[in-house]
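For reference, the structure discussed in these notes is given below.
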Amino acid sequence: MAVVRPFDKLPALNTATILLVGSDEGLQQKLAEAMLREKKNFKINIHLATSLPLPSERDHLRPRIDLIVFMIDIKSKYSLKIVEDSLAYVDVRFFLGKVYFLVTGVGRVNYCSVEMNAIWKLREVYCSPVLFGELELEGIRVATAQRLLRILQICAGHVPGVSALFFGSLMRKSTDD
């Protein structure tokens with residue numbers, strides 16, 4: 001089983017690839033469909049995984065991954081455990097702005113199983129921004145898809161003058177205030 005590396009493959013022209021990692025395949029699929037429906041000026045590849053590592057036998061067919069989004073369901077300690085276990089299979093260079101945590105289920109705080117301190121600890125340890133969204137609601141899912149597409153566009157290098165590291169540091173700074 002291989003570690004996911006950010007720069008081991010050449011980028012494809014006008015193409016960006018996102019990897020969504022999380023335990024809720026239904027929400028992953030809905031978010032992926034919302035991202036595909038959005039208007040964009042680049043080709044997008046979306047890969048879904050319940051956990052890492054990715055199978056190494058298909059590694060030669062897999063495109064370069066520009067952004068990894070770990071989806072944590074706030075109602076499930078299992079989803080947090082999967083994310084924590086999967087982080088060991090991500091190359092440290094990905095944490096230079098190409099990893100985000102997406103916390104879902106935030107509209108039902110009274111059913112919360114995951115402590116917010118655990119989420120903040122992930123943010124601090126891995127220097128990666130945290131996004132929040134209730135993906136069960138269509139409007140918020142579309143807004144989250146739009147936000148992820150813009151982040152993906154930056155991480156893939158399609159926005160002149162803005163790097164993933166710079167944008168990630170801006171995201172971190174806005175959450176620290």
(message) Keeping Thr15 on the side-chain end and Leu13 on the backbone end, is there a donor-acceptor pair under 3.5 Å?
(response) yes

(request) For Gly22 and Gln28, work out which heavy atoms get closest and say how close. (result) N-NE2, 2.9 Å

(request) Report the distance from atom CG of Leu122 to atom CG of Asn117, rounding to the nearest 0.5 Å. (result) 11.5 Å

(request) Could you tell me whether a side-chain N or O of Ser169 sits under 3.5 Å from a main-chain N or O of Phe167, the two making a donor and an acceptor? (result) no

(request) State the CD-CG distance between Glu25 and Leu27, to the nearest 0.5 angstrom. (result) 11.0 Å

(message) With a 6.0 Å cut-off (strictly less than), is the heavy-atom count around CZ of Arg147, excluding the residue itself, greater than 12?
(response) no

(message) Against Leu20, only a single residue in Leu67, Leu102, Val69 fulfils side-chain contact (heavy atoms from CB on, under 4.5 Å); can you say which?
(response) Val69

(message) Working note: Ile44 + Leu149, criterion side chain to side chain contact (heavy atoms under 4.5 Å, CB included); need CA distance, chi angles, decisive distance, verdict.
(response) CA-CA 9 Å; Ile44 181 173; Leu149 280 172; 3.3 Å; yes

(request) Determine the minimum heavy-atom distance between Lys43 and Asn45, stating which atoms define it. (result) NZ-OD1, 3.4 Å

(request) Flag yes if Ile72 and Val99 sit in one hydrophobic cluster, no otherwise; membership is Ile, Leu, Val, Met, Phe, Trp, Tyr, and two members link when side-chain heavy atoms are under 4.5 Å apart. (result) yes

(request) Please check if Phe101 and Val114 belong to a single hydrophobic cluster, counting links between Ile, Leu, Val, Met, Phe, Trp and Tyr side chain heavy atoms closer than 4.5 Å. (result) yes

(message) Main chain of Pro55, side chain of Arg62: is a donor-acceptor contact present, judged purely on distance under 3.5 Å?
(response) yes

(request) Write down the atom of Phe132, the atom of Val106, and the distance for their closest heavy-atom approach. (result) CD2-CG1, 3.5 Å

(request) Check Pro6 against Lys98 and note the closest heavy-atom contact, atom names and distance. (result) CB-CD, 4.4 Å

(request) Return yes when atom OH of Tyr78 has more than 12 non-hydrogen atoms of other residues, nucleotides or ligands closer than 6.0 Å, and no otherwise. (result) no

(message) What's the separation between atom OH in Tyr100 and atom CG in Leu131, rounded to the nearest 0.5 Å?
(response) 7.0 Å

(message) So Met35 and Ile46, do their side chains get closer than 4.5 Å, heavy atoms only?
(response) yes

(request) Mind listing the closest non-hydrogen atom pair of Leu48 and Ala32 along with its distance? (result) CD2-CB, 4.3 Å

(message) Do Leu54 and Phe95 land in one hydrophobic cluster if side-chain heavy atoms of ILVMFWY residues count as linked below 4.5 Å?
(response) yes

(request) Kindly check if the number of other-residue, nucleotide or ligand heavy atoms within 6.0 Å of CD (Glu38) is above 12? (result) yes

(message) As an exercise, state the distance from CG of Leu80 to CZ of Phe70, rounded to the nearest 0.5 Å.
(response) 12.0 Å

(message) To the nearest 0.5 Å, what is the distance between OG on Ser51 and CD on Glu84?
(response) 13.5 Å

(message) Could you measure the distance from the NZ atom of Lys121 to the CD1 atom of Ile119? Nearest 0.5 Å is fine.
(response) 12.0 Å

(message) Would you say CD of Glu115 has more than 12 non-hydrogen atoms from neighbouring residues, nucleotides or ligands within 6.0 angstrom?
(response) no

(request) For the residue pair Val159 and Arg150, establish whether any side-chain heavy-atom pair is separated by less than 4.5 Å. (result) yes

(message) Are Tyr126 and Ile82 linked, directly or through intermediate hydrophobic residues, by side-chain heavy-atom contacts shorter than 4.5 Å (ILVMFWY only)?
(response) no

(request) Check for a donor-acceptor pair, side chain of Asp66 on one end and backbone N or O of Thr17 on the other, with a separation under 3.5 Å. (result) yes

(request) Just do the side chain to side chain contact (heavy atoms under 4.5 Å, CB included) check on Glu134 and Thr104 with the steps written out, would you? (result) CA-CA 5 Å; Glu134 182 57 70; Thr104 64; over 6 Å; no

(request) Mind listing the closest non-hydrogen atom pair of Cys155 and Ala164 along with its distance? (result) SG-CB, 3.8 Å

(message) I'd like to know if Glu136 and Lys30 make a salt bridge, using a cut-off of under 4.0 Å between side-chain N and carboxylate O.
(response) yes

(message) Quick one: does any side-chain atom of Lys9 pair with a main-chain N or O of Arg5 as donor and acceptor, under 3.5 Å?
(response) no

(request) Mark yes or no for whether Ser76, through its side chain, and Asp73, through its backbone, hold a donor-acceptor pair below 3.5 Å. (result) no

(request) For the pair Leu148 and Leu31, evaluate side chain to side chain contact (heavy atoms under 4.5 Å, CB included) and give the outcome as yes or no after the intermediate values. (result) CA-CA 10 Å; Leu148 287 176; Leu31 181 59; 3.7 Å; yes

(request) May I ask whether Phe94 and Val130 are part of the same hydrophobic cluster, defined by side-chain heavy atoms of I, L, V, M, F, W, Y residues being less than 4.5 angstrom apart, directly or through others? (result) yes

(request) Could you please spell out the steps behind the side chain to side chain contact (heavy atoms under 4.5 Å, CB included) verdict for Val21 and Met71? (result) CA-CA 6 Å; Val21 180; Met71 298 174 64; over 6 Å; no

